[in-house]
Engineer: 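Input: one structure, supplied below.
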Amino acid sequence: MKTKQKTVRISIIGFGYVGNGVAEVIRRKREAIASKHGIDLKVVGIADLKGVIADEQGLSEEAIKALNAGKNPGDMTGLELIRDVEHEVMVETTPTNVETGEPGLTHIITAFNSGRHVVTSNKGPIARDYRMLMELAAKRGRELKFEASVGGAMPIISLVQDNLAGNGVTSIKGILNGTCNYILTRMVEENLPYEHVLKEAQEIGIAETDPTKDVEGVDTAVKLVILANSVFGMNATYKDVTVKGITEITLDALKLADDAGYVIKLIGDVDSDGRLEVAPRLVPKDDPLNVCGTLNVATIKTDLAGEITVIGKGAGPIEAASAVLSDIVGLYS
Amino acid sequence: MKVSMSIELKDIPGQLVLALQPISDFGGNIRSVVHHRDKKTPSGRIPLQLVLEIEERNLSVLVDRLKERGVNVVRIGEERLMDSMVVLLIGHIVHSDIRETIDNIDSTGFAEVVELSLSMPGVDLKSSASVTISAVGTEELKDALAILEAAAEKKGIMVIASI
């Protein structure tokens, strides 16, 4: 138990599923983190399209509820919150835009220029402008953390950078999109065609109304770019990835694969030679990459530790918030 | 070439080295050794199963050398196709003449299509196939896959390769 408490003030920019999840896990884990790590986490500001609220003493649950209900729009902008309300960490959880990186990009730049650390789940800015953002963070003496952007709750970036420090990583391949994995798993299990399972996934909220980014491999490719840049030190963008999705996968193909001892999975694959590929691949049934449902998985090939495989929940507000929270705690331990 | 060999050794110390030394002398690469100590022959010798890679021209000299050293060579067999892989294809496979693609692989001399399963759900629908390719080695297998991928791309067929 640490006795000396350090107060860490946090803003959450983008208050959808993940942003709400972050507020929720901070509320649930605040005392445990205070006693275990000596950090008192305090959410002092939230910004969303619904409005902007701030309280230097820490926002009350009532204020957060009112914001979610659209009853408390406040009178400042998100950028003013980042700039003018004193805090240590800006959590960026706005939706991903792969083309422009916005609005996350501007939020992150503003946060660094205002002396905040940044923890984000937003893939857009990290995939698009990784090097520029890391350089800006270094210039301002701040840190940029983005574990939640790849694999949700599954630790992969800090696993490689911290736990496997000293290892040379030769390749990472895995399933980085839970929606595709769910669809392919259900097609096999229920003997149903692609279109049918996609509709079902949309009905239960696993696939979005516009599932293009997931099923055509874009989401996996963007995560691959983040891994390429952060783990392999590349300066890759989405355009460098060869991408093939799962829309053409037939039930017959899955059956033929099954007969031959394989399953078909949408695999993202990056290696130290700079090859970046997203494609449906045959995975032997006994391979650790054969995980079912919405699970994510990655096998990291290293020169010292050999192959390490991590499996975890790739999506969900609390799961993503788990990765955000560990990034925040990681800043201070 | 890859060769499998059954030999028999006398049951006295030093026989294994005696049998394996000539293989490395002739630049051979031993892939597997199985020592059947529990299955002695009626003449009291110990059978040994070897798989090795060796230049074809060195094989007969190697066998002579082994015999000179008192090693019985019971059987020699060439294991021509060492590696194989399964690849799935999705598209208008039959209409786009899969025969030609298979011929292209078979005519390389180092790889063959050894199995083909085809599913054709309907005349206008895309069919799916699983193709097993065998080749003399890993590199040759990759070359065979490249031939298949190039042909498939031209014909608009999707290839799903193993990880």
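Throughout, protein chains are lettered first and strands after them, A, B, ... in sequence-line order, and every chain is numbered starting at 1.
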Engineer: Is the number of heavy atoms from other residues, nucleotides or ligands under 6.0 Å of K2(B) NZ greater than 12?
Structural biologist: yes
Engineer: Quick one: OG on S162(B) to CD1 on I267(A), what's the gap to the nearest 0.5 Å?
Structural biologist: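 Answer rounded to 0.5 Å: 10.0 Å.
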Engineer: Quick one: CE on M85(B) to CG on L282(A), what's the gap to the nearest 0.5 Å?
Structural biologist: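 So the gap between those two atoms works out to 10.5 Å.
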Engineer: Under 4.5 Å heavy-atom distance to chain A, tell me which part of I90(B) shows up: side chain, backbone, both or neither.
Structural biologist: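 Contact with chain A: side chain only.
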Engineer: Counting only heavy atoms not in E149(B), do more than 12 sit closer than 6.0 Å to its CD atom?
Structural biologist: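 More than 12 within 6.0 Å, yes.
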Engineer: Nearest 0.5 Å please: distance from the OG1 atom of T299(A) over to the CD1 atom of I163(B).
Structural biologist: 7.0 Å
Engineer: When rounded to the nearest 0.5 angstrom, what distance separates CE in M158(B) from CD1 in I249(A)?
Structural biologist: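 One finds 4.0 Å between CE of M158(B) and CD1 of I249(A).
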Engineer: So which part of D269(A) gets closer than 4.5 Å to some heavy atom of chain B, the side chain, the backbone, both or neither?
Structural biologist: neither
Engineer: How far apart are the closest heavy atoms of A253(A) and L88(B), and which atoms are they?
Structural biologist: O-CD1, 3.2 Å
Engineer: Does CD belonging to E190(A) count more than 12 external heavy atoms closer than 6.0 Å?
Structural biologist: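 Above 12, so yes.
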Engineer: Roughly how far apart are E248(A) CD and I160(B) CD1, rounded to 0.5 Å?
Structural biologist: 10.0 Å
Engineer: With a 6.0 Å cut-off (strictly less than), is the heavy-atom count around NZ of K155(B), excluding the residue itself, greater than 12?
Structural biologist: yes
Engineer: Out of S127(B), P121(B), S119(B), which one racks up the most heavy-atom pairs below 4.5 Å with chain A?
Structural biologist: S119(B)
Engineer: Under 4.5 Å from any heavy atom of chain B, what part of A257(A) do you find: side chain, backbone, both or neither?
Structural biologist: both
Engineer: Of the non-hydrogen atoms in S130(B) and L256(A), which two are nearest, and what is the gap between them?
Structural biologist: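 For S130(B) versus L256(A), the nearest heavy atoms are N-CD1, 3.7 Å.
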Engineer: Answer yes or no: are there more than 12 heavy-atom neighbours, outside K199(A) itself, under 6.0 Å from its atom NZ?
Structural biologist: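 No, not enclosed.
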Engineer: Is K301(A) atom NZ crowded by more than 12 heavy atoms from other residues, nucleotides or ligands, each under 6.0 Å away?
Structural biologist: no
Engineer: Measuring heavy-atom distances to chain B, does K265(A) have an atom under 4.5 Å in its side chain, in its backbone, in both, or in neither?
Structural biologist: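 Looking at K265(A), nothing touches chain B.
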